[in-house]
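Take a look at the structure below.
On a predicted model such as this, the values are computed, not experimentally measured, just so you know. Here is how names work: the chains are called A, B, and so on, in the same order as the sequence lines, proteins then strands, and each is numbered from 1.
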Amino acid sequence: MNLKEAFTVELEPIPPYSFELTLRKPAGWYWSTPEEIFEKGTCWSVTRFNGELLGLKLHSTGTIQKPQIHCTVYSRTKVDDSSKHAITRMLKRAIKAEEDLTGFYKLSQKDDILQGVVKDLYGMHTIGWPELFPALILAVSLQMAPMKRSNQMMDLLLANFGDQASFDGKTIHYWPSAQTIANAPVEELKDKAKLGYRAKNLKAIATALTQDFPSMDELSAMEPQEAKNKLLTLQGIGEYSAELVMPKTGFPLDVWSAKIFNVLFYGKIPEKPRDAIPALKVAAEQRWGNWRGYAFVYVLNDLPKLSKRIGIDLTKF
DNA sequence: GCGTCCAGGTCTACC
DNA sequence: GGTAGACCTGGACGC
């Protein structure tokens, strides 16, 4: 689908703000879609807003201490003023423009795990999904599967059920809409995206989203616990997935990250990582309080350097 | 080549 | 309220 330039907007995030580290996390996580393009301070990406595909060109014109982002929005149709306003609000939330890291950095000064990671990743902000359904696709794909298989499922969903957006000389694949997955037969999802038992859950989630379910913007405006409870009503979304989608105050431990944090807290890999998760969540909350979600993102995006400092290779788990 | 095992959770049925 | 066991199926691994 060809998109035309609709409007531009200047965003001024709260410093310190690193555009590169925030949009393209060092551990390799994309911001909106795995296919987005990142070149020298410019990110071409795609999202869906009120059912319409939007092309996004985000270009950093500032610095970490005086951040400024020039954003061009591309659309198939004309964008009216009220939609411009809503899209701008969504962008601010998704790039974490209004997230103030001061409290987290203050806390990190007295914390031997965080001291180093905040220096390494100074100005990096946490994860802000532009749209809800793709975040849920990621959560479902990560369940009970090695990374390679999770990536296979996501790649096949993009290729067989996704959409394409062409704008500014770039063509980028984007995630299927909830409507598309809600309409697809479970067998087709199993065959074409190799989702296995997750196919049934993803279709149920997609169906719920096409009915009366809050958007990512609406969830973000809720109290974190209320938003989490809402996500937990979705079939196949448990504690881990809900916190992955709404990382505000969560600590979305899975067996992989449980091993890492167990080593950091207690110096060893737990015998049964899954059983260690509840106690580790309590320990993280006691240690970092409402900043534990930030600690989670910082630590997992700094494993190579953190490993060198502590003398244990955390990148092989 | 072929068989076996299990994965970056969630839900249910049973105590 | 706590806890085994099932769940799809592709890839890794041992033979």
Test side chain to side chain donor-acceptor pair (under 3.5 Å) on S108(A) and D111(A) and set out the steps. CA-CA 5 Å; S108(A) 71; D111(A) 189 285; over 6 Å; no
Check against salt bridge (charged side-chain N to carboxylate O under 4.0 Å, His left out), K230(A) and D212(A): CA-CA 11 Å; K230(A) 191 74 199 168; D212(A) 187 26; over 6 Å; no
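Residues S215(A) and D217(A) have side chains that never bring a donor and an acceptor to within less than 3.5 angstrom of each other. With hydrogens and angles left out, the side-chain atoms of S83(A) and D80(A) include a donor and acceptor closer than 3.5 Å. For the residue pair Q143(A) / S241(A), a side-chain donor-acceptor distance below 3.5 Å is found, with atom types taken as modelled.
Sorted by first and then second residue, the ring pair (Phe, Tyr, Trp, His ring centres under 6.0 Å) pairs involving residues 118-155 of chain A (not counting sequence neighbours) are Y17(A)-H125(A), Y105(A)-Y122(A). Residue pairs meeting the ring pair (Phe, Tyr, Trp, His ring centres under 6.0 Å) criterion with at least one partner in residues 197-248 of chain A, sequence neighbours excluded, do not occur; the list is empty. Residue pairs meeting the ring pair (Phe, Tyr, Trp, His ring centres under 6.0 Å) criterion with at least one partner in residues 40-76 of chain A, sequence neighbours excluded, are Y74(A)-F167(A).
Look at CG on L142(A): it is 14 Å from C1' on dT10(B), rounded to the nearest Å. If you measure from atom CG of L280(A) to atom C1' of dG8(B), you get 14 Å, rounded to the nearest angstrom. A straight line from CG of L303(A) to P of dG8(B) spans 15 Å, rounded to a whole angstrom. With rounding to whole Å, D254(A) atom CG is found 9 Å from dT10(B) atom P. At whole-Å resolution of the value, CE in M147(A) and P in dG10(C) are 18 Å apart. Regarding M154(A), its CE atom lies at a distance of 13 Å from the P atom of dG8(B), rounded to whole Å.
If you check residues 127-137 of chain A against DNA chain C, you find no residue with a heavy atom closer than 4.0 Å. Residues from residues 224-245 of chain A placing a heavy atom under 4.0 Å of any atom in DNA chain B, listed by number, are L234(A), Q235(A), G236(A), I237(A), G238(A), E239(A), Y240(A), S241(A). Listed by residue number, the members of residues 260-279 of chain A with any heavy atom below 4.0 angstrom from DNA chain C form an empty set.
DNA chain C forms stems at B:1-7 with C:9-15, B:9-15 with C:1-7, each a run of 3 or more consecutive Watson-Crick or G-U wobble pairs whose two key distances fall under 3.5 Å.
One P atom belongs to dA12(C), the other to dG8(B), and the distance between them is 12 Å to the nearest Å. Comparing the P positions of dG5(C) and dC5(B) gives a spacing of 16 Å, expressed to the nearest Å. Using P as the reference atom, dA13(B) and dC8(C) are 14 Å apart when rounded to the nearest Å.
Every residue meeting the ring pair (Phe, Tyr, Trp, His ring centres under 6.0 Å) condition with W288(A), not counting sequence neighbours, appears here in chain and number order: F265(A). For the ring pair (Phe, Tyr, Trp, His ring centres under 6.0 Å) test, residues two or more places apart in sequence or in another chain that qualify with F38(A) are F19(A).
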Report, one pair per line, the protein and nucleotides 5-9 of chain C atoms (nitrogen or oxygen only) whose separation is under 3.5 Å.
{"from": "dC8(C)", "atom 1": "O4'", "to": "Y197(A)", "atom 2": "N", "distance (Å)": "3.0"}
{"from": "dC8(C)", "atom 1": "O2", "to": "R149(A)", "atom 2": "NH2", "distance (Å)": "3.4"}
{"from": "dC8(C)", "atom 1": "O2", "to": "R198(A)", "atom 2": "NH1", "distance (Å)": "3.2"}
{"from": "dT9(C)", "atom 1": "O4'", "to": "R149(A)", "atom 2": "NH2", "distance (Å)": "3.4"}

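Nearest heavy atoms, L244(A) versus P252(A): N-CB, 3.7 Å.
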Table please: side-chain donor-acceptor pairs of residues 271-283 of chain A below 3.5 Å, with sequence neighbours left out.
{"from": "K281(A)", "atom 1": "NZ", "to": "E243(A)", "atom 2": "OE1", "distance (Å)": "2.9"}
{"from": "K281(A)", "atom 1": "NZ", "to": "F251(A)", "atom 2": "O", "distance (Å)": "3.1"}

Can you list, pair by pair, the side-chain donor-acceptor contacts under 3.5 Å of residues 301-309 of chain A, counting residues two or more places apart and other chains?
{"from": "N301(A)", "atom 1": "OD1", "to": "A27(A)", "atom 2": "N", "distance (Å)": "2.9"}
{"from": "N301(A)", "atom 1": "ND2", "to": "V297(A)", "atom 2": "O", "distance (Å)": "2.9"}
{"from": "D302(A)", "atom 1": "OD2", "to": "R309(A)", "atom 2": "NH2", "distance (Å)": "3.4"}
{"from": "S307(A)", "atom 1": "OG", "to": "L303(A)", "atom 2": "O", "distance (Å)": "2.6"}
{"from": "S307(A)", "atom 1": "OG", "to": "I312(A)", "atom 2": "O", "distance (Å)": "3.4"}
{"from": "S307(A)", "atom 1": "OG", "to": "L314(A)", "atom 2": "N", "distance (Å)": "2.9"}
{"from": "R309(A)", "atom 1": "NH1", "to": "D120(A)", "atom 2": "OD2", "distance (Å)": "3.0"}
{"from": "R309(A)", "atom 1": "NH2", "to": "D120(A)", "atom 2": "OD2", "distance (Å)": "3.2"}

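Between K57(A) and the options T8(A), T72(A), D168(A), a side chain to side chain donor-acceptor pair (under 3.5 Å) holds for only D168(A). Of the options T47(A), L56(A), V79(A), T88(A), a side chain to side chain contact (heavy atoms under 4.5 Å, CB included) to V73(A) is made by L56(A) and by none of the others.
The shortest distance between the side-chain N/O atoms of K148(A) and the OP1/OP2 oxygens of dA12(C) is below 4.0 Å. Contact check, Q143(A) against dG8(B): no side-chain N or O comes under 4.0 Å of OP1 or OP2.
Expressed to the nearest 0.5 Å, how far CG of L189(A) lies from CE of M153(A) amounts to 12.5 Å.
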